[in-house]
Structure formats: structure tokens, C-alpha cells
Amino acid sequence: MDWSKTKTIFIVTFLILNLFLTWQLVETNSANQISVITEATIQERLNQMNVTIEAELPEEELPGRHVISKKVTLTEEAAAGLAEQQSLRLTEEGEIISELIEPYPTTSEQFWTELQTFLTTYVYQGDEYRFGHFDPETGQMKLYQTFKDKTAYTFDEDPLVIWFDDNQQIVGYEQSYYEFEDLDGREREMLSSLKALEVLLNDQLIRANQTISSIEFGYYSFFSPQGGVQVFAPMWRVMVEDETYLVNAIEGSVQQIT
């Protein structure tokens, strides 16, 4: 074996590898500098327009993919470990409808803590649900499931509906359950929360002297389920004054919630 020739090949190979790694480092640093400059420019625009941001600007490290969910048919086995309830029945669609033996009391001072205790005690996989909204006229609270600790807002469906009586006591609920997973396909870069604000600025949906009170990341479905399957897009939910906008974290499109 010609060791001199072999050694020369190794040296040349390592030189090429070092050059490649150096080029990658320079490219990464340049991209980071451009990103910092861009974000500074967006912040400057907001400052010049006297736009107040009351909420923190969260950053997400989740993969830039759509998400799919499939409805699970709940069985007696799923309901077996729940606390004793007066009437707990399974529907043909695999949902749980429950009435409590005794109303579950809540107080204004400890409501959210008491609600969480109720969910983990009486509801199948109750810790996966988060508050959506409350209808004072019907006494119903709507909750949505989470995926990777982010709320997944289903289309025209309420995965968990809790019923309250006039004394702020929980008297029953109706539950459906979904399994979630990332949709196969190429992972794409997601917009940062600041970039989502830039989208709204460019569309003139944020105007001078306005206040941004909330910026939250979640998953939203806008189409009817097909075969029990729904597709969710990653979204930034931004509240500007009394208006709420959804900015697609992949495509940058905007929808207004009425």
C-alpha cells in the first residue's frame, strides 16, 4: 500500500470537509443576522405606529406540519376507571354522556383548580382538554383537546361539553375523544409570532395606536371531517383590540374570527 499517497488523500479530504463546515457556519451566522435584523425592523414599525403589545411573544419549536385527528370510539373499558356517576352511557357514535350522582360544586375563587380536578377525576383523559368558551345562556362550557400541549380547535364540534346548573355546579357532560398525529410530508419552517404580526401589519389589520392583547399558538380545523378524520393547520391566534385573527404559521394566510 502506498501510505504516502493514502496520507495525501486523507489530508485533502479533511481540508475539503473543513472548508464545507466553515461555509455552513458562515451561512448559518448570516441567516441568523438577517433574522435578527428583520425582527428588529418589525419591532421598529410597531414602535413607530405606537402599537402596544401587552402579551408576551411566544416562540414555538414544533415541526412545521399539518396535523390530523381521528375520532376514537369510546368503550366501557375507557369509562370503567371514572368516578361513580349516576348515568354514564355510550352512544352509537362512541361518545360518553354522563350525569353525576351529586352535583360537583365549584367556587369563583378556586374555579380553574376545581375544574381541573373534575376533569382528571370524572372525564376520560380529562387532562388533555382545555377551556374554549362558556355560554351563560345555556350554562354550557365547551372544551377542546390538546396536541403537544397546544389547543386543537375542531371544526363545528365540541369534544367536551360540561353542563352547569344555576348554582355554578357541574351536573354532567358529553364527551368525544380524538387521537392526533403529525401529517406525513415535508417539514416546513413556521412563522414566528413576530412574523405573524408583520403579516397583519402588511395587510393593514394592525393600525396605529392599537393594542395587541393576546398572541397564542394552536391548531385549527376549518373543514368538515371526512371519514371521522380532520386536518388541522398550525396557527397564530392574535387579538387586536376587539378583533381576533388567525395567521397560518406555514402559509401566512389570514382569517378573521367573527
Side-chain angles (χ1 to χ4, degrees), residues 62 65-79 82 85 87-100 104 112 115-116 118-165 170-185 214 216-239 243-251 253-258:
L62 298 170
R65 289 197 181 105
H66 288 73
V67 170
I68 60 172
S69 75
K70 186 171 184 179
K71 192 171 184 178
V72 175
T73 300
L74 295 175
T75 63
E76 292 183 2
E77 182 180 356
L82 303 178
Q85 300 171 39
S87 172
L88 193 155
R89 63 184 179 88
L90 300 170
T91 68
E92 294 182 358
E93 293 77 23
E95 300 174 351
I96 289 177
I97 297 179
S98 172
E99 295 179 13
L100 304 185
Y104 182 89
W112 297 110
L115 176 64
Q116 191 60 44
F118 172 81
L119 292 174
T120 56
T121 305
Y122 288 89
V123 179
Y124 176 70
Q125 303 289 25
D127 58 345
E128 295 184 20
Y129 291 83
R130 279 192 186 163
F131 173 76
H133 61 277
F134 179 74
D135 185 346
E137 293 186 4
T138 62
Q140 294 183 352
M141 176 181 287
K142 315 295 178 63
L143 296 93
Y144 298 95
Q145 272 183 255
T146 58
F147 174 69
K148 295 182 178 178
D149 202 35
K150 304 300 176 184
T151 306
Y153 296 88
T154 48
F155 177 84
D156 200 29
E157 290 187 5
D158 302 304
L160 180 60
V161 181
I162 297 178
W163 308 319
F164 289 81
D165 63 17
I170 299 174
V171 294
Y173 64 86
E174 182 174 356
Q175 178 192 15
S176 54
Y177 185 77
Y178 297 82
E179 289 182 344
F180 294 84
E181 63 181 48
D182 287 312
L183 189 63
D184 291 336
S214 175
E216 296 180 357
F217 182 86
Y219 294 94
Y220 289 78
S221 175
F222 297 101
F223 302 99
S224 300
Q226 301 296 320
V229 175
Q230 291 196 56
V231 179
F232 297 76
M235 297 272 186
W236 287 105
R237 181 186 179 114
V238 184
M239 180 169 270
E243 303 293 340
T244 302
Y245 302 99
L246 296 178
V247 181
N248 190 304
I250 294 178
E251 301 169 0
S253 57
V254 179
Q255 298 193 46
Q256 183 173 357
I257 300 179
T258 55

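If you're wondering where the values come from, they're calculated on a predicted model, not measured in any experiment.
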K.L.:
Taking all non-hydrogen atoms of both residues, which atom of G94 and which atom of T73 are closest, and how far apart?
P.N.:
CA-CG2, 3.8 Å
K.L.:
Under a 4.5 Å cut-off applied to non-hydrogen side-chain atoms, are M141 and L115 in contact?
P.N.:
yes
K.L.:
For the residue pair F147 and Y219, does the interplanar ring angle fall in the parallel (under 30°), tilted (30 to 60°) or perpendicular (over 60°) class?
P.N.:
perpendicular
K.L.:
Of the non-hydrogen atoms in D127 and Q116, which two are nearest, and what is the gap between them?
P.N.:
CA-NE2, 3.9 Å
K.L.:
So, using side-chain hydrogen bond (donor to acceptor under 3.5 Å, both in side chains) as the criterion, who are the partners of Y177 when residues are at least two apart?
P.N.:
E128
K.L.:
If you measure from CG on D182 to NE2 on H66, what distance do you get to the nearest 0.5 Å?
P.N.:
11.5 Å
K.L.:
One pair to check against side-chain contact (heavy atoms from CB on, under 4.5 Å): T154 and F232. What are the steps and the verdict?
P.N.:
CA-CA 8 Å; T154 48; F232 297 76; 3.7 Å; yes
K.L.:
With side-chain contact (heavy atoms from CB on, under 4.5 Å) as the criterion, how do R237 and I257 come out once you've worked through the C-alpha distance, each side chain's angles and the decisive distance to 0.1 Å?
P.N.:
CA-CA 9 Å; R237 181 186 179 114; I257 300 179; 3.9 Å; yes
K.L.:
Once the angle between the rings of F131 and W112 is folded into 0 to 90°, is it parallel (under 30°), tilted (30 to 60°) or perpendicular (over 60°)?
P.N.:
perpendicular
K.L.:
Any chance CD of E76 has more than 12 other-residue heavy atoms, nucleotides or ligands included, within less than 6.0 Å?
P.N.:
no
K.L.:
What is the minimum heavy-atom distance between L90 and T75, and which atoms define it?
P.N.:
CD1-C, 3.4 Å
K.L.:
Can you name the closest pair of heavy atoms from Q175 and L74 and give their distance?
P.N.:
O-CD1, 4.2 Å
K.L.:
Under the side-chain contact (heavy atoms from CB on, under 4.5 Å) rule, what do L183 and R65 come out as? Steps first, then yes or no, please.
P.N.:
CA-CA 6 Å; L183 189 63; R65 289 197 181 105; 5.5 Å; no
K.L.:
From L119 CG over to Y173 OH, what is the distance, rounded to the nearest 0.5 angstrom?
P.N.:
9.5 Å
K.L.:
Would a 4.5 Å heavy-atom cut-off, applied to side chains only, mark I170 and Y122 as touching?
P.N.:
no
K.L.:
Apply side-chain contact (heavy atoms from CB on, under 4.5 Å) to the pair L143 and V123, showing each step before the final yes or no.
P.N.:
CA-CA 12 Å; L143 296 93; V123 179; over 6 Å; no
K.L.:
Which value, rounded to the nearest 0.5 Å, describes the distance between Q140 atom CD and L160 atom CG?
P.N.:
11.0 Å
K.L.:
Parallel, tilted or perpendicular: which describes the rings of Y144 and H133, with under 30° parallel and over 60° perpendicular?
P.N.:
tilted
K.L.:
Keeping to residues at least two apart or across chains, list the salt bridge (charged side-chain N to carboxylate O under 4.0 Å, His left out) pairs with something in residues 66-75.
P.N.:
K71-E95
K.L.:
Can you tell me how far apart CZ (F118) and OG1 (T120) are? Round to the nearest 0.5 Å.
P.N.:
10.0 Å
K.L.:
Give me each pair satisfying salt bridge (charged side-chain N to carboxylate O under 4.0 Å, His left out) with a member in residues 129-144, each pair once, sequence neighbours excluded.
P.N.:
R130-D149, K142-D158
K.L.:
Please list, chain by chain and in numerical order, all residues satisfying side-chain contact (heavy atoms from CB on, under 4.5 Å) with E243, sequence neighbours excluded.
P.N.:
Y245, Q256
K.L.:
If the condition is side-chain hydrogen bond (donor to acceptor under 3.5 Å, both in side chains), which residues does E92 pass it with, not counting sequence neighbours?
P.N.:
none
K.L.:
Within this structure, what is the OH-CG distance for the pair Y124 and L88, rounded to the nearest 0.5 Å?
P.N.:
13.0 Å
K.L.:
Is the closest side-chain heavy-atom distance between E99 and V171 below 4.5 Å?
P.N.:
no
K.L.:
Search all heavy atoms of S69 against all heavy atoms of Y178 and return the closest pair with its distance.
P.N.:
OG-CD2, 3.8 Å
K.L.:
Once side-chain hydrogen bond (donor to acceptor under 3.5 Å, both in side chains) is applied, do any residues pair with S221, and if so which ones, sequence neighbours excluded?
P.N.:
Q230
K.L.:
Can you see which heavy atom on F180 is nearest to which on A152, and at what distance?
P.N.:
CE2-CB, 3.6 Å
K.L.:
Show, in sequence, the C-alpha distance, side-chain angles and deciding distance for Q255 and Y220, and conclude whether the side chain to side chain donor-acceptor pair (under 3.5 Å) test is met.
P.N.:
CA-CA 11 Å; Q255 298 193 46; Y220 289 78; over 6 Å; no
